[in-house]
Each structure stands twice: as structure tokens, then as C-alpha cells.
Amino acid sequence: MKILRDIAALRAATAGAGPIAFVPTMGNLHEGHLALVRLARRSGHAVAVSIFVNRLQFAPGEDFERYPRTFERDCALLEPEGVEIVFAPDEGVLYPEPQAYVVRPPPIADELEGRFRPGFFLGVATVVLKLFNSVQPAVAVFGKKDYQQLHIVRGMVRQLNLPIEIVAGETLREPDGLAMSSRNAYLSAEERAEAPHLHRALLEVTRGSLAGEGAMRALAGAGWKPDYVEVRRRSDLAPPGPGERELVALGAARLGATRLIDNLEFDAP
Ligand code: PAF
């Protein structure tokens, strides 16, 4: 497994590796990331993983500084998965000068996550495009855990004619239903015990026993600060019209200092 820190070395390595299947990450890897790596391997291509905590997608006051950085451990997890390339640039490599050219995502990026994290998807789309241009993959794998991110990346690839197939990986869950996330590491023992409530609330929404607002009230009653729980159309994340069947329930809520997100796809009866 080659660990590469700059774009010239990366390009030299990918040039001889044939088509690349790429998994972008911010590190602090868990089983959910490894499932995406395994999905990438199924393409039959050489697998490249990036590890880069992207300041551009964090608002001031968010957890950029304290985001867990566990590079040695991440590499130890990736090596046995047959990953050929780890691209781990410093900030100065990916952003050698202030980033004046950015990807402005469409208005859906201002809803759901974007309503509470202004500029988040501009930061994500911009770094993903820079990573795509650096790695030049044939396939890139993104988790459904970040459902809106997956939607926005798909749209960017389609509208900017990037020759990359986007593959979506299912969300991995702990036995109690909590979606795996690097941010779960922030939870105290008490918060960890409460955390699966977000998944349970979304399940109730998919079963029709709670509307989004009811789910938010239930979470607030249990000590959460919910940002949103909403049902959207899977195809474009717009609010569903009558008779619409292919839906997704999405939610985000703060438990103590930790903000968790989750979603569940479902078909309306
Ligand atoms: O999902 C993530 O970990 C990040 O948003 C990504 C796609 C690696 C871009 O920084």
C-alpha cells in the first residue's frame, strides 16, 4: 500500500495502476468506511482511499479542530483490505492558495443539512471535485449515510460530465441501530445509550406512526436538539407530492455537543 502526500506522486502511482475505484474519507475510519472500500474492490479496479479533513466544509465553530485524526490506525485498517493507494495530502497540497474557484451546488444544498450548515455542500463539492481531478478514478464510492451529499455529488458528476461512476454504499449500523459515524466517538456513555433514538424516530416516520414534527418533539422530549426530521422524494430530495412512493426520511439532531444525522429509504404504501 502506497501512502502518497502530493499530487505528482499520486498521478505517477495511478498512471501504472489501471482504472481506479476511489473512496474519499476524512479518516477516523470505522466498519462503515471499510464496507465502502470492499464495495470499491468489487469493481475489480485498484482501490485508492483519500484521508483529508477538509476545512472548507466546516463552518467556524464546528468541529474541524477536534475532528479525530487517527492516521496510523486508519492505514493499519486499510492495508489488510487490499487498498493500493492512500492519498493523504496536507492542507497546503490540496489548497496551496486561497480557494477562489469553487463549486456552487444547486438550491437543494441550502435545504436539510444546508439549512443548518451554510456553505457545507460548497465545501464538499469543491473538495470532491479537487480529489476527483487528483485521483482521476473510474468509480467513486459514497455512503448513503450522507444521503444529501451523495445526491449532490451525483448531480455534480452528471452536470459537469465527469467520467466517473458513482456507487452508493448502504449505511452500516451498530446492533442497536445507531448509524456508524466518526462523530459517534464524541458521545459520552450516557449519550451513546440514547443515540439510537434518532434511528428509532426515523423508523416510526417510515411506518407512518409519527410525522416529522412528531419525531422532532419525541427527540426534544428525550433531551435532543433536533434540527430537522423530514420526508423527501428519493430522486431529487424535493418534498414529495401526493401519491409519491419512493421516499427517504432524513433527520439531524444534536445530542449534547454532538450532531448526528441519519436517514432511511422507504416506499410509501
Ligand atoms: O463524507 C466525507 O467524509 C466527506 O464529506 C468527504 C466526501 C470525504 C469530503 O471531504
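Every number for a ligand or one of its atoms is a count from 1 in the order of the listing.
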Subset of ligand 1 atoms that lie under 4.0 Å from at least one heavy atom of [X]:
{"X": "T25", "value": "8 (C)"}
{"X": "Q57", "value": "4 (C), 5 (O), 9 (C), 10 (O)"}
{"X": "V127", "value": "9 (C), 10 (O)"}

Query - Distance-only side-chain donor-acceptor flag, Y147 / E265, under 3.5 Å - result: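 Their side chains do contain a donor-acceptor pair, which is all the 3.5 Å distance test asks for.
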Report task. Report the C-alpha separation of Y228 and E113 in whole Å, then their side-chain angles, then the decisive distance to 0.1 Å, and conclude whether the side-chain hydrogen bond (donor to acceptor under 3.5 Å, both in side chains) test is met. Result -> CA-CA 9 Å; Y228 63 87; E113 279 301 281; 2.6 Å; yes
Requested in this report: Output the distance between atom CZ (R259) and atom OG (S181), rounded to the nearest 0.5 Å.
Outcome: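 So the gap between those two atoms works out to 11.0 Å.
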Query raised in the report: Does NZ or CZ of R11 lie under 6.0 Å from the centre of the six-membered ring of F87, at an angle within 45° of the ring axis?
Result: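 No, R11 does not sit over the ring of F87.
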Query raised in the report: Counting only N and O atoms by type, is there a donor-acceptor contact under 3.5 Å from the side chain of D74 to the main-chain atoms of N28?
Result: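 Yes; at least one donor-acceptor contact below 3.5 Å.
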Requested in this report: Can you pull out the closest protein heavy atom to atom 3 (O) of ligand 1? Residue, atom name and distance to 0.1 Å, please.
Outcome: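 Answer for atom 3 (O) of ligand 1: M26 CG, 3.6 Å.
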Requested in this report: Using distance alone, determine whether Q149 and ligand 1 share an N or O pair under 3.5 Å.
Outcome: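 Yes.
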